[in-house]
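Each chain gets a letter, A, B and so on, in the order its sequence line appears, and its residues count up from 1.
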Number of protein chains: 2
Amino acid sequence: MQKQNFLTKNQQIIFDLIDKSPEPMKAYAILFNVQKKGIKAPLQVYRALDKLVEIGKIHKIESRNAFIACHNSSCQVAKATAFSICEICEKVTEISSSGLSKYLANFKDKDGMKYSKYNLEFFGLCKKCR
Amino acid sequence: MQKQNFLTKNQQIIFDLIDKSPEPMKAYAILFNVQKKGIKAPLQVYRALDKLVEIGKIHKIESRNAFIACHNSSCQVAKATAFSICEICEKVTEISSSGLSKYLANFKDKDGMKYSKYNLEFFGLCKKCR
DNA sequence: TTTCTAATGTTATATTATTACATAATGTTA
DNA sequence: TAACATTATGTAATAATATAACATTAGAAA
């Protein structure tokens, strides 16, 4: 069913909702919003979210259990993510810094372990909240 | 009650348990383990965890909802954390690289936003699982 | 067309975390 | 020390997040 860039019906509904949201959305907020479109159960939401994360269309903000659309053309797959999070207004922005991503992609620890994926969350105060 | 380095009874019990564990512990696993010591309710666990995180004695692995003791003398406060996580055996190691921490502590995004805190999680395969 | 895989629908339940309220212990200041 | 403030504790109930299990359907692949 799923081929390359095509989203299924549920995936598309849920992606569109997240993509339009100015802030990260939580799973049950998504569920509430899509119930009128026939998506009735948590599992339907979580399955779509899992797939969307897997193909890099959305990212999960782990510290907030929330999801945002990817606006970074370079991350087609969710293997290198960085976000800034305002601790007051909870605004989340995806960081795209080639310096940062190069540094982290090449980072090796003492064991020489090389990583296939990373997620970085910065916390602070955004312009408005400072 | 709480002053500087002194842990309260519940905090000490829960810290000791996490500190002895070779792997990250989840809140309800902790609860199960400390019930014989009189800690009976989830909230008692979560309150101790919150405090221990706040003072930097333990860290939360956000992607796993689990907690590990801090073994990094430099992070007395939980404001700069980095971990490597094996995606097969789920082994988690705290990374202490002064290069990495310097790089991230000084990182500024385009807006010039400076961060007070960050958390980085690397994923890959550990030596044994490769 | 047959078979395989991925997605869906549905119910129930597991896991993670917090609210609300009462009490007790310690710290602080007059 | 007495009065007050602050932090920690105890307890019950419930909210929020996420998954298991099973049946069905849609599309891809042979």
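Judged by ring centres under 5.5 Å apart and planes tilted less than 30 degrees, B:Y28 fails to stack against the six-membered base ring of C:dT15.
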- prompt: Would you write out the dot-bracket form of DNA chain C, 5' to 3', with Watson-Crick and G-U pairs under 3.5 Å, [ ] for crossing pairs, | for pairs to other strands and . for unpaired bases?
  reply: ||||||||||||||||||||||||||||||
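Residues satisfying the side-chain hydrogen bond (donor to acceptor under 3.5 Å, both in side chains) criterion with B:D16, sequence neighbours excluded, are B:Q12. Residues passing the ring-ring contact (aromatic ring centres under 6.0 Å, His included) test with B:Y103, sequence neighbours excluded: A:Y103. Here A:K117 pairs with B:E87 under the salt bridge (Lys or Arg N to Asp or Glu O under 4.0 Å) rule; sequence neighbours left out. Residues meeting the side chain to side chain contact (heavy atoms under 4.5 Å, CB included) test with B:L43, sequence neighbours left out: B:R47. With sequence neighbours excluded, the residues that form a salt bridge (Lys or Arg N to Asp or Glu O under 4.0 Å) with B:E90 are B:R64. Listed by chain and number, the residues in a ring-ring contact (aromatic ring centres under 6.0 Å, His included) with A:Y46 amount to none (sequence neighbours excluded). Remark: B:S97 engages no residue in a side-chain hydrogen bond (donor to acceptor under 3.5 Å, both in side chains) (not counting sequence neighbours). Residues satisfying the ring-ring contact (aromatic ring centres under 6.0 Å, His included) criterion with A:F15, sequence neighbours excluded, are absent altogether.
Between the CG atom of A:L31 and the P atom of C:dT10 there is a distance of 13 Å, given to the nearest Å. If you take CE of B:M25 and P of C:dA17, they are 14 Å apart, rounded to a whole angstrom. Between the CZ atom of A:F67 and the P atom of D:dA16 there is a distance of 16 Å, given to the nearest Å. For the pair B:E54 CD and D:dT6 C1', the interatomic distance rounds to 13 Å; values are reported in whole Å. Atom pair A:I55:CD1 and C:dA6:P shows a separation of 14 Å (rounding to whole Å applied). Between B:N10 atom CG and C:dA24 atom P there is a gap of 16 Å when expressed in whole angstrom units. Rounded to whole angstrom, the span from the CG atom of B:L7 across to the P atom of C:dT26 amounts to 15 Å. The interatomic distance linking A:R64 (CZ) with D:dT17 (P) rounds to 13 Å, in whole Å.
Residues from residues 16-24 of chain A placing a heavy atom under 4.0 Å of any atom in DNA chain C do not occur. At a non-hydrogen distance threshold of 4.0 Å, A:L43, A:Y46 from residues 32-50 of chain A come into contact with DNA chain D.
Phosphate contact (OP1/OP2 of D:dA16, side-chain N/O of A:K26, threshold under 4.0 Å): absent. Residue A:T8 has a polar side-chain atom (N or O) positioned under 4.0 Å from OP1 or OP2 of C:dT8. Not one side-chain nitrogen or oxygen of B:K51 sits closer than 4.0 Å to the OP1 or OP2 atom of D:dT7. At C:dA17, one or more side-chain N or O atoms of B:N65 fall inside 4.0 Å of OP1 or OP2 (strictly under the cut-off).
Minimum atom distance to the side chain of A:Q11 is reached by C:dA7, of the listed C:dT16, C:dA7, D:dT9.
Checking side-chain atoms of B:E54 against main-chain N and O of B:K51 turns up no donor-acceptor pair under 3.5 Å. For A:E121 (side chain) and A:E62 (main-chain N/O), a donor-acceptor pair under 3.5 Å exists by modelled atom type.
Taking a 4.5 Å side-chain heavy-atom cut-off between Ile, Leu, Val, Met, Phe, Trp and Tyr, the cluster of B:L125 extends to B:I88.
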- prompt: Can you check ring-ring contact (aromatic ring centres under 6.0 Å, His included) on A:F122 and B:F107, steps first, answer last?
  reply: CA-CA 10 Å; A:F122 280 110; B:F107 179 77; 5.3 Å; yes
